[in-house]
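Predicted model, so just to flag it, every value in this text is computed and none were measured. As the structure lists them, so they are numbered: ligands from 1, and atoms in each ligand from 1. Residue numbers count from 1 along this sequence.
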Amino acid sequence: MRSVSVFGATGSIGENTFDLLMRQGGAEAFRTVALTGGRNVARLAEQARALRAELAVSAHPECLADLRAALAGSDVEAAAGPQALIEAADRPADWVMSAIVGAAGLAPGFRALRHGGTLALANKESLVTAGPLLMAEAAHHGATILPVDSEHSAVFQALVGEDIGAVERIIITASGGPFRDWPAERLATATVEQACAHPNWAMGQRISIDSATLFNKALELIETREYFGVDPECIEVLVHPQSILHALVGFNDGALMAHLGPADMRHAIGYALNWPQRRETPVERLDLAALGSLTFEAPDPVRFPALRLAREVMAAGGLAGAAFNAAKEVALDHFLAGRIGFAEMAGVVEETLAELSARGCLTNAPSGIDKVLEMDQVARAAAQGAIRATR
Ligand code: NDP
């Protein structure tokens, strides 16, 4: 029986993973080693009971009593706190879903690679902040990292049986978010509610806002480079408002291989769960005649500076990805709290990168994830400073 763990089980990706595990036989088909969540302990306990998990972990120590109460009478062990997440990752599992949101997902996913199994990686921040370290750790332990982001899963599928040396370009698509047509002046007034209203995908709050700023696509640019090892100049972003075509791979003979599918993460999660086989998933089947047309346009670098910043980060290398992600997370926290406007987020990230670059801290290649986590803290402090300076 295959053993599985899901980190971030109560989130959007986590729920879709849970849905597929249940559809594919649940506790009769999988031995669930660990499920982790954050504050939603009631849902975590429900999932743990349904999958007869051995361990359920909340990221927050203060949630332990509630988790224990919710699991009373079951055989599921309860634990809480960041160290308990690492201990959950220390329990071997054949297949691990990494779906915690933000930099908090790096350490547990990195640790899980030790067992040499499969890491299904939704947490793109892991690759953005520590891509080379993650890939080296996987190679060292004979582990497999499979992409869960829809664009990267699409590229991965288009590359099956192909020679990466024959790839000329990789094009990932972006919906353009809810503000694709908004003029710059109006962007300054965008609210959290408006920013969360993604036109096509139902996702967690943070990634939805990152989609509206195009920071999500910026993270994915870096993620593409880390997964597939191609030069940054070979990676393009194309705005495609329908979110049907997820990525294209261009080969040296002029062919473009495209991957199409509905905006439902259960496709990419199911692919990673069943790889190298395919299994049926409940996603809607596309009716292209009903769709009629698919449209494409270039992203606007002025209203959405995130993609330019990502290219600067790729050029800098070293710890720049960790700083970029941390500054973006701080800016997002402040936007969510109503302390800065939508259009100010990119400025906070740009100023943070400029300051850390002037201090000479960005380009050193990190020797381990402790250095990445240190930079995460340094960049968070610098971003807070950048925000204070504007008040
Ligand atoms: P959600 O916000 O929906 O879920 C996040 C999960 O992480 C929840 O289980 C949450 O617990 C838990 N969590 C929150 N904070 C912490 C913390 N500090 N430590 C440990 N666990 C924590 O996020 P998504 O599912 O949308 O995204 C998860 C990851 O997948 C992100 O990296 C995102 O970029 C990526 N991704 C998401 C896609 C999507 O369609 N949603 C598509 C592609 C990639 P709780 O809710 O119980 O508090």
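Here's the thing with Gly37: none of its N/O atoms is less than 3.5 angstrom from an N/O atom of ligand 1. In terms of polar-atom proximity, Asn216 is not counted as a contact of ligand 1, lacking any N or O under 3.5 Å from an N or O of the ligand. Note: an N/O pair closer than 3.5 Å links Gly11 and ligand 1 by distance alone.
You'll find the ring centres of Phe156 and Phe228 outside the 6.0 Å limit. For an aromatic pair to be called close, the ring centres must be under 6.0 Å apart, and Phe215 with Phe304 fails this. Aromatic ring centres of His267 and His259: separated by under 6.0 Å.
Summary of contacts: the protein heavy atom closest to atom 27 (O) of ligand 1 is Ile13 CG1, 4.3 Å. Among protein heavy atoms, atom 12 (C) of ligand 1 sits closest to Gly38 N, 4.2 Å. In terms of protein heavy-atom proximity, atom 32 (O) of ligand 1 is closest to Glu125 OE1, 2.7 Å. For atom 47 (O) of ligand 1, the closest heavy atom belonging to the protein is Thr10 OG1, 2.7 Å. Residue, atom and distance of the protein heavy atom nearest to atom 3 (O) of ligand 1 are Ser12 N, 2.9 Å. At the top of the distance list for atom 19 (N) of ligand 1, counting protein heavy atoms only, stands Ala59 CB, 3.3 Å. Closest to atom 48 (O) of ligand 1 among all protein heavy atoms lies Arg39 N, 2.8 Å. Annotation: atom 28 (C) of ligand 1 to nearest protein heavy atom, Ala99 O, 3.3 Å.
Within the 4.5 Å cutoff, no side-chain heavy atoms of Met97 are placed close to those of Leu119. Counting only heavy atoms from C-beta outward, the side chains of Tyr271 and Gln157 approach each other to under 4.5 Å. A heavy-atom distance below 4.5 Å is found between the side chains of Leu127 and Met135.
The residue Arg43 has no part lying near ligand 1, judged by heavy-atom distances below 4.0 Å. When heavy-atom distances to ligand 1 are checked against a 4.0 Å cut-off, Met265 comes that close only through its side chain, counted from C-beta outward. Counting heavy atoms closer than 4.0 Å to ligand 1, residue Ile207 contributes side-chain atoms (C-beta onward) but none from N, CA, C or O.
Residue-ligand proximity, Gly8 to ligand 1, at heavy-atom distances under 4.0 Å covers atoms 6 (C), 7 (O), 9 (O). Ligand 1 places these atoms under 4.0 Å from at least one heavy atom of Met203: 39 (C), 40 (O), 41 (N). Taking every non-hydrogen atom of Ala104 and a distance limit under 4.0 Å, the qualifying atoms of ligand 1 come out as 17 (C), 18 (N), 19 (N). Distances below 4.0 Å separate heavy atoms of Asn123 from the following atoms of ligand 1: 32 (O).
When the options Val101, Leu44, Asp264 are ranked by their closest heavy atom to atom 14 (C) of ligand 1, first place goes to Val101. Nearest-heavy-atom check against atom 13 (N) of ligand 1 across Asp149, Ile100, Val57 picks out Ile100. When the options Gly204, Ala103, Ala122, Ala263 are ranked by their closest heavy atom to atom 30 (O) of ligand 1, first place goes to Ala122.
For the residue pair His240 / Glu297, no side-chain donor-acceptor distance below 3.5 Å is found, with atom types taken as modelled.
None of Glu223, Glu151, Glu220 except one satisfies the side-chain hydrogen bond (donor to acceptor under 3.5 Å, both in side chains) rule with Lys124; the exception is Glu220.
Not a single heavy atom of Gly105 sits closer than 4.0 Å to an atom of ligand 1. Under the 4.0 angstrom criterion for non-hydrogen atoms, Arg206 is not in contact with ligand 1.
Note on Met203 and Val148: same hydrophobic cluster, where clusters join Ile, Leu, Val, Met, Phe, Trp and Tyr whose side-chain heavy atoms are under 4.5 Å apart, directly or indirectly. Residues Leu356 and Leu373 fall within the same hydrophobic cluster, defined by Ile, Leu, Val, Met, Phe, Trp and Tyr side chains chained together at heavy-atom separations under 4.5 Å.
Residues satisfying the salt bridge (Lys or Arg N to Asp or Glu O under 4.0 Å) criterion with Arg359, sequence neighbours excluded, are Glu355.
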For Glu350 and Arg308, what are the C-alpha separation, side-chain angles and deciding distance, and is it a side-chain contact (heavy atoms from CB on, under 4.5 Å)? CA-CA 10 Å; Glu350 186 154 18; Arg308 170 179 55 79; 3.0 Å; yes

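Ion pairing of Glu62 with Arg39 is present here, as a side-chain N (NZ or NE/NH1/NH2) and a carboxylate O approach within less than 4.0 Å.
For the pair Arg43 and Phe18, the cation sits on the ring face: its NZ or CZ lies under 6.0 Å from the ring centre, inside 45° of the axis.
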